[in-house]
**Q** 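Pasting a structure here, questions to come.
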Amino acid sequence: MNNNLDENQDLTRKRKSNPTVDLNTTQIPMHSDDVSQDNNNTNNVVLTLSLDIPNATRHRRLSTQTHSHSHSLPSETQADQISLHSLLTQQVPYTSLHLSPALSSVPPAVVETAPSVPRTGPTRVRKNPTQAPRDGSKSQNIPQPYPWATTKRATVHSLNYLDSKQITIISGEVQCKRCERQFQMDLDLHEKFIEIGSFMAKNKSTMHDRAPATLMNPVLPTCKYCNQENSVKPVISEKKKTINWLFLLLGQMLGCCTLEQLKYFCKHTKNHRTGAKDRVLYLTYLAICKQLDPNGPFDR
């Protein structure tokens, strides 16, 4: 101890006499106690490191096990799926159901059904627009309304028949729309038929089964009493079976008929009667021309 104190005192005197001495470069001899303390610290550090090494090794082992377990999951899942599929596809043996004697003796239930009620009323028959009516209440034969008409509905005699009977003038009732006077108008059979027949034969290919505007809205005759032009209209019978079809044809006044009247004509002459008025009117003109001249160019 005395030697250490002497060394410290000598060092203090040197510092005072030489202030430029670097304290950092000055080496101080260490005591044996200090050396032993340093050795203890070193041993503690080594011990700490040695304790940490197993922890790190354990951590690596755990991570390796976790990684391997994660890779083994799909195989386990696949195995579960295979076992589930085998369970689903496994055929279950059929076992019949045996009822107890009490239940098997119960008679089956009887289901009562209501008796079918027969339909009342006439059976609906689909109409064919190209055929004559099937209603038996109306006869096709009627009293002859005019000398140039037959006893069949909507039918007129041929030119040969009319010539043989010396029927050359076709008359009909007309009325002036201005003075409202009603009178009889006479038309020459051959002259008027040549006029309308030539028009139909010449323009049939360009009409496209439609009556032109000149036939739909014809120019009416002039009144012989008041001289009003385009004012004399035909008097059409309210009863369709007594309509003067030949007079309307020769006077080119079939366009004054209503659609229902034209349909009536096509109905009883086995013509197509559905469609617009211009179509039904076209068929009516052709049909009457065909009745007058069966061998003429009046086919559809």
Side-chain angles (χ1 to χ4, degrees), residues 124-162 167 170 172 187 189-190 192-218 233-300:
R124 183 178 178 181
V125 180
R126 184 174 180 178
K127 296 180 180 179
N128 189 345
T130 61
Q131 295 181 358
R134 299 179 181 179
D135 189 1
S137 61
K138 290 185 179 181
S139 175
Q140 289 297 309
N141 295 326
I142 58 174
Q144 187 178 13
Y146 307 101
W148 46 85
T150 66
T151 56
K152 294 183 178 180
R153 298 173 186 270
T155 307
V156 299
H157 286 292
S158 64
L159 284 174
N160 293 333
Y161 177 85
L162 296 178
I167 301 175
I170 307 300
L187 301 175
L189 173 61
H190 289 276
K192 292 298 182 179
F193 178 67
I194 291 174
E195 183 179 344
I196 185 59
S198 300
F199 177 83
M200 293 299 297
K202 182 179 179 180
N203 299 288
K204 182 178 66 172
S205 59
T206 60
M207 289 182 184
H208 305 291
D209 295 340
R210 306 284 178 177
T214 55
L215 297 181
M216 288 285 293
N217 301 297
K233 64 179 181 179
V235 178
I236 301 176
S237 174
E238 293 181 358
K239 294 183 178 181
K240 297 182 182 68
K241 65 181 180 179
T242 58
I243 294 177
N244 196 350
W245 297 107
L246 183 57
F247 175 77
L248 295 176
L249 171 76
L250 299 177
Q252 301 182 25
M253 294 182 289
L254 285 171
C256 298
C257 295
T258 63
L259 180 60
E260 293 299 323
Q261 292 168 341
L262 295 174
K263 285 183 177 182
Y264 170 86
F265 178 88
C266 292
K267 173 182 177 181
H268 291 281
T269 55
K270 300 181 180 180
N271 282 288
H272 192 80
R273 65 179 186 272
T274 60
K277 183 179 178 179
D278 56 352
R279 177 177 175 81
V280 182
L281 180 62
Y282 169 81
L283 296 175
T284 304
Y285 267 101
L286 275 185
I288 301 177
C289 290
K290 185 71 174 176
Q291 290 176 7
L292 284 174
D293 188 4
N295 298 322
F298 303 111
D299 294 324
R300 292 182 58 187

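Note that the coordinates shown come from a computational prediction; the quantities given were computed from them, not determined experimentally.
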**Q** Spell out, as yes or no, whether a donor-acceptor pair under 3.5 Å connects the side chain of Thr150 to the backbone of Thr155.
**A** yes
**Q** Give a yes or no on this: more than 12 heavy atoms of other residues, nucleotides or ligands lie within 6.0 Å of atom NZ of Lys152.
**A** no
**Q** Measuring only between side-chain heavy atoms, which start at C-beta, is Leu292 closer than 4.5 Å to Leu162?
**A** yes
**Q** So, for Leu159 and His190, which heavy atoms are closest and what is the spacing to 0.1 Å?
**A** CD2-CE1, 4.5 Å
**Q** Measuring only between side-chain heavy atoms, which start at C-beta, is Val280 closer than 4.5 Å to Leu259?
**A** yes
**Q** Do side-chain atoms of Lys204 reach the backbone of Asp299 as a donor and acceptor pair under 3.5 angstrom?
**A** yes
**Q** Is any side-chain heavy atom of His268 less than 4.5 Å from a side-chain heavy atom of Lys241?
**A** no
**Q** What orientation do Trp245 and Phe265 show, parallel under 30°, tilted 30 to 60°, or perpendicular over 60°?
**A** tilted
**Q** Between Thr284 and Leu248, is there a side-chain heavy-atom distance shorter than 4.5 Å?
**A** no
**Q** Taking all non-hydrogen atoms of both residues into account, name the closest pair between Ala276 and Arg210 and its distance.
**A** CB-NH1, 4.1 Å
**Q** Can you confirm whether more than 12 heavy atoms, excluding those of Lys277, are under 6.0 Å from its NZ atom?
**A** yes
**Q** Using modelled atom types and a 3.5 Å cut-off, is there a donor and acceptor pairing between side-chain atoms of Gln252 and backbone atoms of Thr214?
**A** no
**Q** Taking all non-hydrogen atoms of both residues, which atom of Thr258 and which atom of Gln261 are closest, and how far apart?
**A** N-OE1, 3.0 Å
**Q** Please assess Tyr282 against His208 for the test side chain to side chain contact (heavy atoms under 4.5 Å, CB included), listing each intermediate value before the final yes or no.
**A** CA-CA 9 Å; Tyr282 169 81; His208 305 291; over 6 Å; no
**Q** What are the two closest heavy atoms between Leu283 and Cys266, and how far apart are they?
**A** CB-SG, 4.2 Å
**Q** Find the distance between OG (Ser158) and CH2 (Trp148) and round it off to the nearest 0.5 Å.
**A** 15.5 Å
**Q** Side chains of Ile142 and Thr242: does their closest heavy-atom pair fall under 4.5 Å?
**A** no
**Q** CG/Asp278 to CG/Leu281 distance, rounded to the nearest 0.5 angstrom?
**A** 8.0 Å
**Q** Just verifying a value: how many Å separate Phe193 CZ and Leu187 CG, rounded to the nearest 0.5 Å?
**A** 14.0 Å
**Q** Return the minimal non-hydrogen interatomic distance between Tyr161 and His157, and the atom names on each side.
**A** CD2-CG, 3.1 Å
**Q** Looking only at heavy atoms, which two atoms of Ile243 and Ser237 are closest? And how far apart?
**A** CG1-O, 4.0 Å
**Q** Of the options Ile288, Ile196, Leu215, which is the one that meets Leu254 in a side-chain contact (heavy atoms from CB on, under 4.5 Å)?
**A** Ile288
**Q** Got a second to check how far Asn160's CG is from Asp293's CG, nearest 0.5 Å?
**A** 8.0 Å
**Q** Are side-chain N/O atoms of Thr269 and Asn271 paired as donor and acceptor at under 3.5 Å?
**A** yes
**Q** Between NZ of Lys233 and SG of Cys256, what distance do you get to the nearest 0.5 Å?
**A** 9.0 Å
**Q** For the OG1 atom of Thr274 and the NZ atom of Lys267, what is their distance to the nearest 0.5 Å?
**A** 13.5 Å
